[in-house]
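Chain identifiers are assigned alphabetically (A, B, ...) following the order of the sequence lines, protein sequences preceding nucleic acid strands; residue numbering begins at 1 within each chain. Keep in mind the model is a prediction, meaning the values are calculated, not measured. We use all heavy atoms of the structure for the numbers below, so side chains are in, but hydrogens, waters and symmetry mates are not.
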Amino acid sequence: MSKELTSRSEDYSAWYNDIVKKAKLAEHSAVRGCMVIRPHGFAIWEKIQRQLDDMFKETGHVNAYFPLFIPKSFLSREAAHVDGFAKECAVVTHHRLMNDPNGNGIIVDPDAKLEEELIIRPTSETIIWNTYRDWIKSYRDLPLLINQWANVVRWEMRTRLFLRTAEFLWQEGHTAHATKEEGIVESRTMLEVYAEFAEKYMAMPVIKGIKTANERFAGAEETYTIEALMQDGKALQAGTSHFLGQNFAKAFDVKFLNSNNQEEYVWATSWGVSTRLIGGLIMSHSDDQGLVIPPKLAPIHVAIVPIPKPSEEITEVALEIIKKLKAKGIVAKYDDDERNRPGFKFAEHEMMGVPVRLGIGMRDLANQQVEVARRDTKEKSSVSLEGIDVYIENLLEEIQNNLFERAKTYRDEHITKVDTLEEFMEVLEGKGGFIKAHWDGTTETELKIKELTKATIRCIPLDNEPEDGKCILTGNPSVQRVLFAKAY
RNA sequence: CGGGAUGUGGCGCAGUUGGUAGCGUACCUGGUUUGGGACCAGGGGGCCGCAGGUUCGAGUCCUGCCAUCCCGACCA
C-alpha cells in the first residue's frame, strides 16, 4: 500500500477514490461499472443492513424475494415508468452458449433466442405488482408491507465506486394500502425511518423534503427524499420514499373488495436506500488520514496495539480488555501482527477508520494505564486500566455524537439564503452547499437554472416556512424558498 | 455516448532511434531493531490491458476492441 492519500484540498475526487481503495472498501472489477465490495466495505454494509432491517421489522414490514429478471413487456405497462428506466437497462436475449464451430471459444447459440427478452431489474415495482395482483383480493389482505434486499442493474454511462455503479445492492420496500391516506402515511413513515437511520447511525445530518415534479421517481405521485451535504459542498440524495398513488395498481390491475363489497384499486408506496450510503458515509466524516467510521456502523470499534510488540504481560492485559468490552457489545481487535511496528499500525488503523485505538506498552502498564487515541479528533490521552471498558463505552458514544455535530455544523454553515441569480452563482462557485432561494414553481424555470448553474432543486424541505418572495430567475411570485445544490 | 488522458510484477512508476523488461514499495528467508509508516543481506514474482497487423525482431509502430480517470451529456 502506498503511504499517502491525495489530500481533500488538492483533489476531492481523487481523495475519494483513494479512500475507497486504500481503506479496502471496494475496487473495480473486470466488468465495466461494476465493483467488487471487499470484506471491510461489506462489513459496513452488513451493519447498515442489520440496523435498517430491524427498523423495517419494527414498523411492521417483512422480507421477501422476487426475481432478478423482468419480462420486457412488464416495463411498458406504466408509461412514466418506462420513460424513466428504459434507456439504461441490461437485456437478456439468449439462454444458451455453444462452442464456436470455427474454434474461437464460446459463442451465443443463435437457436437459443428467448421469445420474450428479460430485463435485469433496474427496480422491482413491475414484477412485484404483477405478483401482488394475485395476493390482494380483499381489504383484509391490506396493508401488504414487504421489503426486499437485492441487487439491481442500471447501465450508467459514468460510474463511481459506491456513488453510482452499474450494479448495486439496496433494499426496496413495496407496500400496498386500502386508502390514499394510508399510502401517504407509509411513505412519510419510511422517510422518517431513513432520516433517523442517517442521523443516529451514520451520524449524517439530512434534510427531509419533497422532490419537484421534474425530479420525481418515474411513476410516482410524490417522491420524498433525504438530502445530505458532503464535505466538498455537493449534495447527495441518500434515500427516497415514493407515494405511487394507484399508478401501478392500475397498470397491473390490482384491485380489492372493500368492506362495502365494492372493487377499488390499491394504493402503493416504494422506498429504497443503497450501497450509495457508504459513499455518503465516507464523504461525511473522513479526512486526509483515511476513513472515519461512526462507532455505530464500525465493524471493529477498538484496535489494540502492543508497543513495541506483543509480550506476555501486554497480551494478557489486552485480552482482558477485549473480554470486558465484548460484554458491553464492543468489538475490539488485538493487533499482534509481529511484522509491523507500532507506527505502521497506527497509520493503518487510521486509514481503515477504526474509531478508537489503544496503545499498550510497558511504560503504560507500570502506571496501570493505556494510551487511548480517538479517530475523529486524533487526540491521545492516558487512561487508567481500572474501568477502561466504561471509559471506552462512553468515548464511543461521544465520538458518535461528535461526528454528527461536526457534520451538522458544517451542513448548517453551508445553507445560504440568496435572493438574486448573481448571488446564487457566486455562492455556488464559492462556498458551495445548499442554497435556499425562491422559485416560481415551474419545471421550465427549474431546468433553466440547472442549465445556467448546474445546480438542481434537491427538495422542498418538509419543515419549510411559507415566505413570499420573487423567483431568482423569472421574478415571478413564490410562496416559499426551495433547496438548491450541485449534486452527486 | 462525445472530447481529453491513461493502461508495464499486488500497488506506484521508468523504459531513448523497434533488439527480448527495470526501479520504488509490498511479499518470502535470516539478522539487528521497535512509544508515529525501521535497517542490512539474500530471494521469489511480469500473458507489458486484449486481439489482429507491419517487421528478421514489437512494451515501443499501425488498426480494432476492453477498462479506468477527468470534462460534458445522461442519471429514480
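Under the side chain to side chain donor-acceptor pair (under 3.5 Å) criterion, A/Trp170 pairs with A/Glu172, sequence neighbours left out. For A/Asp287, the salt bridge (Lys or Arg N to Asp or Glu O under 4.0 Å) criterion is met by A/Arg375, A/Lys378, not counting sequence neighbours.
To the nearest angstrom, C1' of B/G35 lies 14 Å from CD of A/Gln369. The nearest whole Å value for the distance from the NZ atom in A/Lys309 to the P atom in B/U32 is 10 Å. Between the P atom of B/G72 and the NZ atom of A/Lys454 lies a distance of 6 Å, rounded to the nearest Å. Protein atom CZ of A/Arg32 is 15 Å distant from nucleotide atom C1' of B/C50, rounded to whole Å. In this structure, the CZ atom of A/Phe346 is 9 Å from the P atom of B/G35, given to the nearest Å. A/Arg164 places its CZ atom 13 Å from the P atom of B/C70, with the value rounded to the nearest Å. B/A5 atom C1' lies 15 Å from atom CG of A/Asn17, rounded to whole Å. Put simply, CG on A/Asn340 is 9 Å from P on B/A26, counting in whole angstrom units.
In the set B/C75, B/A73, B/G36, B/G36 carries the atom at the smallest distance from any side-chain atom of A/Glu350. Comparing atom distances between the A/Ala347 side chain and each of B/C69, B/C75, B/G36 picks out B/G36 as nearest. Comparing atom distances between the A/Arg158 side chain and each of B/C71, B/C75, B/U34 picks out B/C71 as nearest. Of all nucleotides listed (B/C71, B/U68, B/C70), B/C70 comes nearest to the side chain of A/Ser13. Considering only the side chain of A/Met157, B/A73 comes nearest among B/C75, B/U34, B/A73.
Contact between the side-chain N/O atoms of A/Arg363 and the OP1/OP2 oxygens of B/G35 is not found at any separation under 4.0 Å. For the OP1/OP2 pair of B/C28 and a distance below 4.0 Å, the side-chain nitrogens and oxygens of A/Arg339 include at least one atom meeting the criterion. Phosphate contact (OP1/OP2 of B/G36, side-chain N/O of A/His349, threshold under 4.0 Å): absent.
No more than 12 heavy atoms of other residues, nucleotides or ligands shown are found within 6.0 angstrom of NZ on A/Lys208.
With both ends at atom C1', the span from B/U6 to B/C74 equals 24 Å, rounded to whole Å. Using P as the reference atom, B/C23 and B/G45 are 14 Å apart when rounded to the nearest Å. Comparing the same atom, C1', in B/G19 and in B/C48 gives a spacing of 16 Å after rounding to whole Å. On the P atoms, B/U20 is 10 Å away from B/G59, given to the nearest whole Å. Separation of the P atoms belonging to B/U63 and B/A5 is 14 Å when rounded to the nearest angstrom. B/U32 and B/A51: their P atoms are spaced 49 Å apart (whole Å). For B/C11 and B/A26, the C1' atoms lie 7 Å apart once the distance is rounded to whole Å. Nucleotides B/G7 and B/U60 place their P atoms 12 Å apart, quoted to the nearest Å.
With RNA chain B read from its 5' end, the first of the two nearest nucleotides for A/Pro308 and A/Phe168 is the one closest to A/Pro308. For the pair A/Leu161 and A/Gln237, both in contact range of RNA chain B, the more 5′-proximal nearest nucleotide belongs to A/Leu161.
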**Asked** Can you give the dot-bracket line for RNA chain B, where a pair is Watson-Crick or G-U wobble with both atom distances under 3.5 Å, crossing pairs use [ ], and | marks a partner on another strand?
**Response** (((((((..((((.....[..)))).((((((.....)))))).....(((((..]....))))))))))))....
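With hydrogens and angles ignored, a donor-acceptor pair closer than 3.5 Å exists between the side chain of A/Arg357 and the base of B/G36. One can find a donor-acceptor pair under 3.5 Å joining the base of B/G36 and the side-chain atoms of A/Lys380.
Side chain of A/Lys454 to backbone of A/Ala487: no donor-acceptor contact under 3.5 angstrom is found. For A/Glu227 (side chain) and A/Pro461 (main-chain N/O), no donor-acceptor pair under 3.5 Å exists by modelled atom type.
If you check every strand for non-hydrogen atoms under 4.0 Å, A/Gly239 touches nothing. Counting non-hydrogen atoms under 4.0 angstrom, A/Met362 reaches a base of the nucleic acid.
Under the 30°/60° scheme for interplanar angles, the aromatic rings of A/Phe248 and A/Phe252 are found to lie parallel.
Between the side chains of A/Lys211 and A/Gln237, at least one donor N or O lies within less than 3.5 Å of an accepting N or O.
Closest non-hydrogen pair, A/Arg458 versus A/Thr456, comes out as NH1-OG1, 2.7 Å. Summarising the geometry of A/Thr223 relative to A/Ala220, their closest heavy-atom pair is OG1-CB, 3.8 Å, with the distance given to 0.1 Å.
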